[in-house]
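Shown next, in structure tokens, is the structure this report addresses.
Reckoned from all heavy atoms, side chains included, excluding hydrogens, waters and symmetry mates. None of these values were measured; they are calculated from a predicted model. Each ligand, and each atom within it, is numbered from 1 in the order the structure gives.
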Amino acid sequence: MKFIDEYRDPELARKLVKKIQELSHKPARLMEFCGGHTVAIMRNGIRQLLPPQVEMLSGPGCPVCVTANADIDKAIAMANLPDVIITTFGDMIKVPGSYSSLQKARAEGADIRIVYSTQDALNIARENPRKSVVFIGIGFETTAPTIAAAVQEAQDNNISNFYTLCLLKLCPPIMKSLLDLGELKLDGIVCPGHVSAVIGSHPYEFIPRNYGVACVVTGFEPLDILLSVAMLVEQIEKGEPQVEIAYRRSVKAEGNQTALELINNIFDTTEADWRGIGVVADSGLKLKQAYERFDAEKHFSLKLKPAKEARGCICGDILRGVKTPVDCKLFRKVCFPEHPVGPCMVSSEGACAAYYEYESA
Ligand code: SF4
């Protein structure tokens, strides 16, 4: 197939649904790790097309949603420092922290600018040499190369007023952590497409080997997702879990070596704080010692109050796949996109926002 419309062909979709129905006999509990997949599944009504024994749960693959309140509080505290410009992707600005949000801080006078790339943030640093420009570095392995490239460029060009609050997170370690928690008894994982374009499929191999859980990497069109479900069901029915790729047009088993090299040159792994899961060893990235001068946390000294969660918000449980947005008492009543109580209602990849948009009330 060459054109994107072909990945939305209703006739091919019907054939894949029929194949899944014919293949599936055992209960199959699948997690779509990535928030982008959750949105695609909701938008295309894919859950409703599957036989009742095939269950799909949302996972923690939404970078905005998994950013812990303690880290959002740090970004807000930096925004309130004199002569600081905060640069951030759009979704982050509305996310409530423990006591405020970047949006509120901006309304109170902080200089906070939405950017579409780390290059935009670097340009703001170039144009404002008397200010400190902080880029809020959220994201997974997909975003890490772009932040690495910006840090390298800042180093090469001696841009000394550019910093990043590095909140980058890694997907395979958090999958391991979820499996170790054992709350879900998963049979299969729909592995993220964009992340896998960077890291490849090899880093998931421990999952079938050590946990007996099937893995299929896929893309974001309806046929990609249905194909991945068919492949997962086939593995589960045969009792032969392995890692497969249903997204060959973007993902190679070995990943993107250039992007991986960039990540490895600039970052070391470190622990990271995940909303709903907590601090997980080696599940985040920090700047290597040679680049520490760009580390916002090292540069600014902050006084922070203890972080706290919004009362009644169950984003943490939703991100672990143990609850769905409709289990939240605040869903649609108190919490909606114009008044989000938690990040899962803010982000374009958040499960609550996706349920709000596509699940009938
Ligand atoms: Fe949190 Fe709102 Fe989702 Fe409830 S509906 S879990 S309050 S974001």
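- In this structure, the protein non-hydrogen atom closest to atom 4 (Fe) of ligand 1 is C328 SG, 2.3 Å.
- Taking the six-membered ring for Trp and the full ring otherwise, Y163 and F300 have centroids separated by under 6.0 Å.
- Using a cut-off of 4.0 Å between Lys/Arg side-chain N and Asp/Glu carboxylate O, E153 and R126 are scored as salt-bridged.
- Nearest to atom 2 (Fe) of ligand 1 among the protein's heavy atoms is C335 SG, 2.3 Å.
- Within ligand 1, the atoms closer than 4.0 Å to a non-hydrogen atom of C352 are 3 (Fe), 5 (S), 6 (S), 8 (S), numbered from 1 in the order shown.
- For atom 1 (Fe) of ligand 1, the N/O/S atoms of C313 include one lying under 2.8 Å.
- Under a 4.0 Å N-O distance rule, the pair E11/R14 qualifies as a salt bridge.
- The atoms of ligand 1 that sit less than 4.0 Å from any heavy atom of M345 are 8 (S).
- The residues E55 and R47 are annotated as not salt-bridged, no charged nitrogen and carboxylate oxygen being separated by less than 4.0 angstrom.
- Residue contacts with ligand 1, taken as heavy atom pairs separated by less than 4.0 Å, involve I318 solely via side-chain atoms from C-beta onward.
- With hydrogens and angles left out, the side-chain atoms of Q235 and E244 include a donor and acceptor closer than 3.5 Å.
- Closest to atom 6 (S) of ligand 1, if we only count protein heavy atoms, is I314 N, 3.3 Å.
- Aromatic rings from H299 and F294 are positioned such that their centres are separated by 6.0 Å or more.
- When the options S347, P96, C315 are ranked by their closest heavy atom to atom 8 (S) of ligand 1, first place goes to C315.
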